[in-house]
2 protein chains.
Amino acid sequence: MATHKTPPIDPLTLEVVDLIGTVVARYHEEYEDAASEHALTGAQARLLSLLSLEPLPMRRLAQKLKCEPSNVTGIVDRLEARGLVERRPDPADRRVKLAAATAEGLRVARSLRESLRFAREPLAGLSREERVVLRGLLTRMLSP
Amino acid sequence: MATHKTPPIDPLTLEVVDLIGTVVARYHEEYEDAASEHALTGAQARLLSLLSLEPLPMRRLAQKLKCEPSNVTGIVDRLEARGLVERRPDPADRRVKLAAATAEGLRVARSLRESLRFAREPLAGLSREERVVLRGLLTRMLSP
DNA sequence: TCTAATACTTCAGTAACTGAAACAACCATG
DNA sequence: CATGGTTGTTTCAGTTACTGAAGTATTAGA
């Protein structure tokens with residue numbers, strides 16, 4: 001009964017996968033909380049964070065957020081209605097609209113970043129050496 | 001200009017936080033993909049996974065999924081319409097409805113679990129010793 | 001028993017999302 | 001330089017997820 005098509009996954013790996021699941025859940029929870037403290041939804045917060053680095057065409061936003069462009073339209077609409085984002089014409093291509101964070105949008109994005117406690121607390125228990133090790137392991141995990 | 005209210009976060013920590021963000025993104029992507037391969041949304045997949053372990057009252061589902069009970073009603077409705085979940089009366093309390101995975105639901109849940117490649121691939125590059133170290137670090141990170 | 005709390009559903013209302021269709025602007029080819 | 005295909009954005013219809021308020025049972029407590 002222990003012989004299946006799927007190779008049996010060893011308990012250690014299962015445990016690590018489970019831990020990663022917990023990290024993911026915690027991360028999301030904190031992110032959503034931080035967003036809603038600023039009266040933003042998760043999707044709005046993600047988009048605004050992207051724009052806080054540089055203005056982007058709608059199409060690139062859709063690529064980065066892995067969704068359809070028609071979806072981005074709505075999210076930007078709502079952020080624009082609140083004065084956090086504005087649409088500018090792209091001088092190089094008149095088809096393109098660049099979404100850009102306004103001054104207020106930048107302020108909110110910064111505040112959002114700072115209230116993301118995940119950056120400080122969960123790593124607080126780790127020493128510098130441990131962080132280096134963790135960085136190495138995660139890097140190898142992510143770059144196949 | 002480098003003196004702010006927020007203590008400056010060192011580059012190493014930022015890097016690790018960024019890596020965690022990438023892990024979270026990758027995890028989510030794979031989870032959604034696996035779900036949609038089974039014609040399930042993410043929320044439906046999460047709920048069905050919970051029920052594949054044991055039947056649960058609607059209220060407990062809402063707690064586990066961190067959402068309102070009225071929301072669970074809809075998700076269970078849709079899963080029930082597809083024959084993956086059924087509602088049973090709780091013999092002990094006639095107010096309660098237990099949601100339970102059907103045989104077909106269990107089958108889908110198992111298949112979903114197996115197609116979650118995240119369990120194998122990203123850890124594939126790590127040796128046993130490294131997994132032990134990773135487990136330790138993640139555990140310390142999560143249990144403050 | 002009468003009342004308050006609990007479990008679930010129903011009903012607006014909003015946001016996120018998809019896919020198709022429309023429109024404008026770009027671009028390449030003949 | 002015309003024209004036809006491609007690209008970037010929006011609009012629209014339709015689905016799901018979600019909240020919060022009200023409504024209906026049922027249970028439990030004074």
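So you know, we letter chains A, B, ... as the sequences are listed, proteins then strands, and number each from 1. Only heavy atoms go into these numbers, but all of them, side chains included; no hydrogens, no water, no symmetry mates. Given the structure is predicted, the values throughout are model-derived calculations rather than measurements.
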Assign A:Thr73 to base, sugar-phosphate, or nothing according to its heavy-atom contacts below 4.0 angstrom with the strands shown. base

Would you give the length of the straight line joining atom CD1 of A:Ile75 to atom CG of A:Leu48, rounded to the nearest 0.5 angstrom? 11.5 Å

Salt bridge (Lys or Arg N to Asp or Glu O under 4.0 Å) with A:Arg135: which residues, sequence neighbours excluded? B:Glu15

What integer distance in Å separates A:Leu40:CG from C:dT14:P? 18 Å

Short heteroatom pairs, N/O only, protein and nucleotides 28-30 of chain D, under 3.5 Å:
none

Sub-4.0 Å heavy-atom contacts from residues 75-88 of chain A onto DNA chain C, ordered by number: A:Ile75, A:Arg78

Interatomic distance, CG@A:Leu116 vs CD@A:Glu30, rounded to 0.5 Å, equals 7.5 Å

B:Ser52: what forms a side chain to side chain contact (heavy atoms under 4.5 Å, CB included) with it, not counting sequence neighbours? B:Leu106, B:Ala109, B:Arg113

Which residues share a salt bridge (Lys or Arg N to Asp or Glu O under 4.0 Å) with A:Arg95, sequence neighbours left out: A:Asp93

Which residues share a side chain to side chain contact (heavy atoms under 4.5 Å, CB included) with B:Glu68, sequence neighbours left out: B:Ser70

Would you name the heavy atoms of B:Ala45 and B:Leu112 that are closest together and state the gap between them? CB-CD2, 3.8 Å

In terms of the nearest nucleotide of DNA chain C, which residue is placed more toward the 5' end: A:Gln44 or A:Ala92? A:Gln44

Could you tell me which residues satisfy side chain to side chain contact (heavy atoms under 4.5 Å, CB included) with B:Val133, sequence neighbours excluded, listed by chain and number? A:Val133, A:Leu137, B:Leu137

Go through the structure and list residues passing side chain to side chain contact (heavy atoms under 4.5 Å, CB included) with A:Pro55, not counting sequence neighbours. A:Arg88, A:Ala100

In whole Å, what is the span from the NZ atom of A:Lys64 to the P atom of C:dC17? 17 Å

Could you state the interatomic distance from OG1 (A:Thr139) to CG (B:Leu19), rounded to the nearest 0.5 Å? 4.5 Å

Is any side-chain N of the basic residue among A:Glu29 and A:Arg26 closer than 4.0 Å to the acidic one's carboxylate O? no

What's the shortest heavy-atom distance between A:Asp10 and B:Arg131, and which atoms? OD1-NH1, 4.3 Å

Rounded to the nearest angstrom, tell me the gap between atom NZ in B:Lys97 and atom P in D:dA25. 11 Å

Can you check the A:Glu32 CD to C:dA15 C1' distance for me, whole Å? 12 Å

Across all chains, not counting sequence neighbours, the ring pair (Phe, Tyr, Trp, His ring centres under 6.0 Å) partners of A:His38 are none

Could you give the CG-to-C1' distance, from B:Leu98 to C:dC8, as a whole number of Å? 12 Å

Nucleotide of C:dA16, D:dA17, C:dA7 approaching B:Ala43 most closely (side-chain heavy atoms): D:dA17

Contact residues, residues 48-63 of chain B to DNA chain D [heavy atom, < 4.0 Å]: none

Respond yes when some side-chain nitrogen or oxygen of B:Arg94 is under 4.0 Å from OP1 or OP2 of D:dA25, and no when none is. no

Distance in angstrom units between B:His28 NE2 and C:dC17 P, rounded: 11 Å

B:Glu80: which residues meet the side-chain hydrogen bond (donor to acceptor under 3.5 Å, both in side chains) condition with it, sequence neighbours left out? B:Arg87

Just the atom pairs and distances: protein N or O near nucleotides 19-22 of chain D's N or O, under 3.5 Å.
unit_1	atom_1	unit_2	atom_2	d
D:dT19	OP2	B:Glu68	N	2.7
D:dG20	O6	B:Ser70	OG	2.8

